[in-house]
Amino acid sequence: MAAATSPRFEGGQWVISRYADACAVLSDDRFAVPEAPPGGTGIKTGIETGIETGIETGMGWLRGAVSRFANGRRHAEGRRAAVAALTPLDPVRLREAARRRAATALRDGVPLDAVARRIPVAVLADALCGDSGSDPDEVADLVGVIADAYFPGTGPDAPADAALDRLLCLLRSLRSRGSGRPQAMSSLATTVMLLVQACDSTAGLIRNAARHLTGRPDPAAIDELLEETLRLDPPLKVLRRVATERVTLGDVVVEAGTAVVIDVPATGRDAAVSSARPPGAAHLTFGHGLRPCPGDRLALSLAAGVLEAVTDSRRTTGTPGERAFAAFREMHHGPAPLVLPNAWDYASAAALARAGFAAVGTTSLGVAAVAGKPDGEGATRDETVALARRLARVPCLVSVDIEGGFGGTPSQVADLAAELAAFGVVGVNLEDGRPGGRLAPVAAVQEAVAAIKERVPGMFVNARTDTFWLATTVTGDEAGTAEDRLRPGERTAGEEPRIRPEDQVAGKEPSGAEMLDEALRRCRAYAEAGADGVFVPGVAETEHIRALAGGTGVPLNVLFLPAGHTVAGLAELGVRRISCGSLLYRAALGAAVTTALAVAEGGPVATGLPGYLPGYAEVQALLKG
């Protein structure tokens with residue numbers, strides 16, 4: 001979450017995270033949109049004949065011709081053209097058309113990602129270009145290629161140039177409304193721009209909202225969900241402007257030519273607007289002030305139609321529990337890794353759900369600490385079950401850390417999983433660490449994994465190996481009791497292992513390569529036993545993460561290390577799930593002590609610990625569900 005200080009100067013640009021500051025920038029014509037750099041020569045053909053002409057029709061031409069990358073008079077003219085094209089369209093009809101098309105695609109087994117990106121464009125193309133005789137599905141395919149390179153520097157222009165030329169050929173007979181004549185090139189550019197804008201931005205809205213489809217599936221709830229998604233998890237994360245002259249913004253001076261970046265999710269979470277937010281008023285996704293999006297209602301209608309089809313599909317396939325299991329599994333195979341924050345009580349889980357997280361895990365350290373017990377000793381089974389029962393009414397999916405099974409036999413661990421599933425829990429985290437810095441025998445963990453999957457087939461079992469965390473490959477006694485074999489390792493649930501010097505085996509500390517080999521061996525064995533994912537906390541080296549992501553055949557989960565990881569970097573390495581572990585709980589403890597000391601010592605008390613401090617009424621609302 002962005003820091004509360006706004007604006008703040010970072011990397012040669014001003015970063016805005018307060019809603020009021022963002023609105024001030026977006027309403028001030030002294031802050032202009034960065035215009036697209038001059039394009040290449042593009043493809044110069046006559047779209048009617050295919051004969052070379054002096055008319056550029058490549059991506060350079062498109063960026064230069066549309067309002068998206070323009071200011072002043074050019075932007076105003078482009079906006080008028082967009083409004084004229086969109087005004088006759090009926091949002092209700094678009095929503096129904098999107099629902100029908102998406103329902104058919106989902107029945108045919110088309111993945112949600114493809115449905116989200118293709119259906120809104122096809123529906124809008126049919127509405128805008130139906131009299132051109134073009135195939136909406138072909139138009140959607142071409143627009144997808146163009147969208148990949150629409151923003152300068154996001155993709156190669158050559159494939160997009162060819163796709164754009166083909167699209168213009170398909171639209172060549174599109175008639176101007178009222179005149180009966182073929183549209184001018186400027187009007188065609190507007191049409192293409194509207195289709196491109198309906199591609200990735202609407203698809204991102206649908207994908208982000210679909211992750212939260214765990215509550216009421218009625219149309220009104222979907223509309224509300226979309227508004228909340230736009231505020232908390234928008235598809236557009238930043239808005240960029242450049243000062244055209246020297247401007248005073250709050251307490252800072254923005255020099256001419258300096259970039260201003262608006263952190264859109266941070267502005268949505270601004271405490272100043274979080275408690276009272278009329279629909280559409282607390283998010284900036286569709287613009288504000290000088291450049292509001294003329295297609296906002298249509299985009300929401302298209303997204304709502306697709307989400308209704310997704311809801312219908314989930315409603316008619318399997319039981320509610322099976323659908324929840326499937327939804328959680330899908331989160332591990334989406335376009336971005338699942339970021340799983342870890343809660344320690346009802347309020348922390350509810351706050352995380354309110355912030356937009358579609359799923360949360362629990363942290364064994366936090367659960368143990370709340371109970372006044374040490375972590376890692378298998379002593380918090382009752383507390384873990386009680387918390388899972390309370391979390392049943394939190395509006396998100398829940399995965400529970402069961403340490404090493406709390407000393408149970410495989411059958412008892414499976415009983416625990418079934419008990420948790422009865423509360424609506426969709427996943428468990430099962431670890432192989434043992435006291436004394438050793439690892440449980442592989443076979444013992446395999447037996448527990450297999451028992452859970454046999455008892456609760458839909459449960460997502462995240463099998464964890466502590467090879468890197470404990471910095472050991474030493475295995476416990478194969479002849480030990482089931483209780484001993486399944487006990488968790490003596491460690492914290494944060495970023496560092498807790499191995500006592502007397503527990504270290506002299507001369508046995510393994511190399512990084514040896515730990516990687518052992519982690520791969522264990523992860524593969526757990527996957528063979530039925531684990532849906534594997535978790536390797538403590539791994540930090542890029543090559544180790546890449547090897548683990550590509551070497552197990554199931555989604556890889558790693559623990560987020562604040563000093564060494566970024567979500568984008570882990571995604572590039574193939575990581576599919578990123579856990580926070582005890583980081584949030586420890587951050588909360590630190591913030592509590594810091595605030596108490598500030599009060600006692602008469603120092604300044606932060607009112608936006610970093611970026612967000614819920615009010616009393618907001619916490620009360622969380623607890624009331």
Side-chain angles (χ1 to χ4, degrees), residues 33-71 74-75 77-79 81-82 85-86 113-114 116-176 182-204 235-236 240 293 295 335:
V33 169
E35 298 200 18
T41 57
I43 296 178
K44 297 182 178 181
T45 61
I47 61 172
E48 295 285 347
T49 64
I51 300 173
E52 287 196 14
T53 70
I55 301 176
E56 181 180 313
T57 60
M59 293 302 295
W61 162 78
L62 179 64
R63 297 187 193 110
V66 300
S67 60
R68 176 66 180 80
F69 303 107
N71 292 294
R74 277 204 307 127
H75 170 70
E77 291 173 350
R79 179 179 171 80
L86 295 175
D113 282 350
R117 198 166 195 250
R118 202 164 187 264
I119 296 303
V121 178
V123 172
L124 186 60
D126 194 38
L128 288 173
C129 318
D131 56 354
S132 70
S134 57
D135 178 3
D137 291 324
E138 183 180 1
V139 170
D141 290 339
L142 294 170
V143 168
V145 177
I146 296 167
D148 288 339
Y150 184 60
F151 289 95
T154 57
D157 276 5
D161 285 341
L164 178 58
D165 196 53
R166 170 61 181 161
L167 180 59
L168 293 175
C169 288
L170 290 176
L171 305 182
R172 65 185 182 275
S173 61
L174 185 61
R175 305 290 166 175
S176 295
Q183 286 200 45
M185 289 294 288
S186 59
S187 297
L188 286 176
T190 297
T191 300
V192 174
M193 176 196 71
L194 295 174
L195 295 173
V196 171
Q197 297 282 47
C199 187
D200 284 339
S201 58
T202 308
L236 188 67
R240 300 182 186 278
C293 174

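Any value given below was found using the heavy atoms of this structure, including those in side chains, with hydrogens, waters and symmetry copies removed. Residue numbers run from 1 in the order of the sequence given.
The CH2 atom of W61 lies 9.5 Å from the CG atom of D165; values are rounded to the nearest 0.5 Å. Here the CG atom belonging to L86 is positioned 8.0 Å from the SG atom belonging to C293, to the nearest 0.5 angstrom. Here the CD-CG distance, from E35 to N71, works out to 4.5 Å after rounding to the nearest 0.5 Å.
Between the side chain of R63 and the backbone N or O of Y150, at least one donor-acceptor pair lies under 3.5 Å.
For D141, the salt bridge (Lys or Arg N to Asp or Glu O under 4.0 Å) partners two or more places apart in sequence, or in a different chain, are R118. For D137, the side chain to side chain donor-acceptor pair (under 3.5 Å) partners at least two apart in sequence or on another chain are R101. For R117, the side chain to side chain donor-acceptor pair (under 3.5 Å) test picks out D148, D200, with sequence neighbours left out.
Considering all non-hydrogen atoms of both residues, M193 and S67 come closest at SD-OG, 3.5 Å. Counting all heavy atoms, side chain and backbone alike, A82 lies closest to L194 at CB-CD2, 4.1 Å. Closest non-hydrogen pair, R68 versus V33, comes out as O-CG1, 3.8 Å. When every heavy atom of C199 is checked against every heavy atom of A147, the shortest pair comes out as SG-CB, 3.9 Å. Residues A81 and T190 share a closest heavy-atom pair of CB-OG1, 3.7 Å. The two residues A198 and L124 have their closest heavy-atom pair at CB-CD2, 3.7 Å.
T191 places a side-chain heavy atom less than 4.5 Å from the side chain of C129. At a threshold of 4.5 Å between non-hydrogen side-chain atoms, the residues V192 and V66 do not count as touching. With contacts defined as side-chain heavy-atom distances shorter than 4.5 Å, the pair L142/L170 qualifies.
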Residue pair V145, R166: steps toward the side-chain contact (heavy atoms from CB on, under 4.5 Å) verdict: CA-CA 11 Å; V145 177; R166 170 61 181 161; over 6 Å; no
Start with the C-alpha distance between I146 and L62, add both sets of side-chain angles, then the distance that settles side-chain contact (heavy atoms from CB on, under 4.5 Å), and finish with yes or no. CA-CA 10 Å; I146 296 167; L62 179 64; 4.1 Å; yes
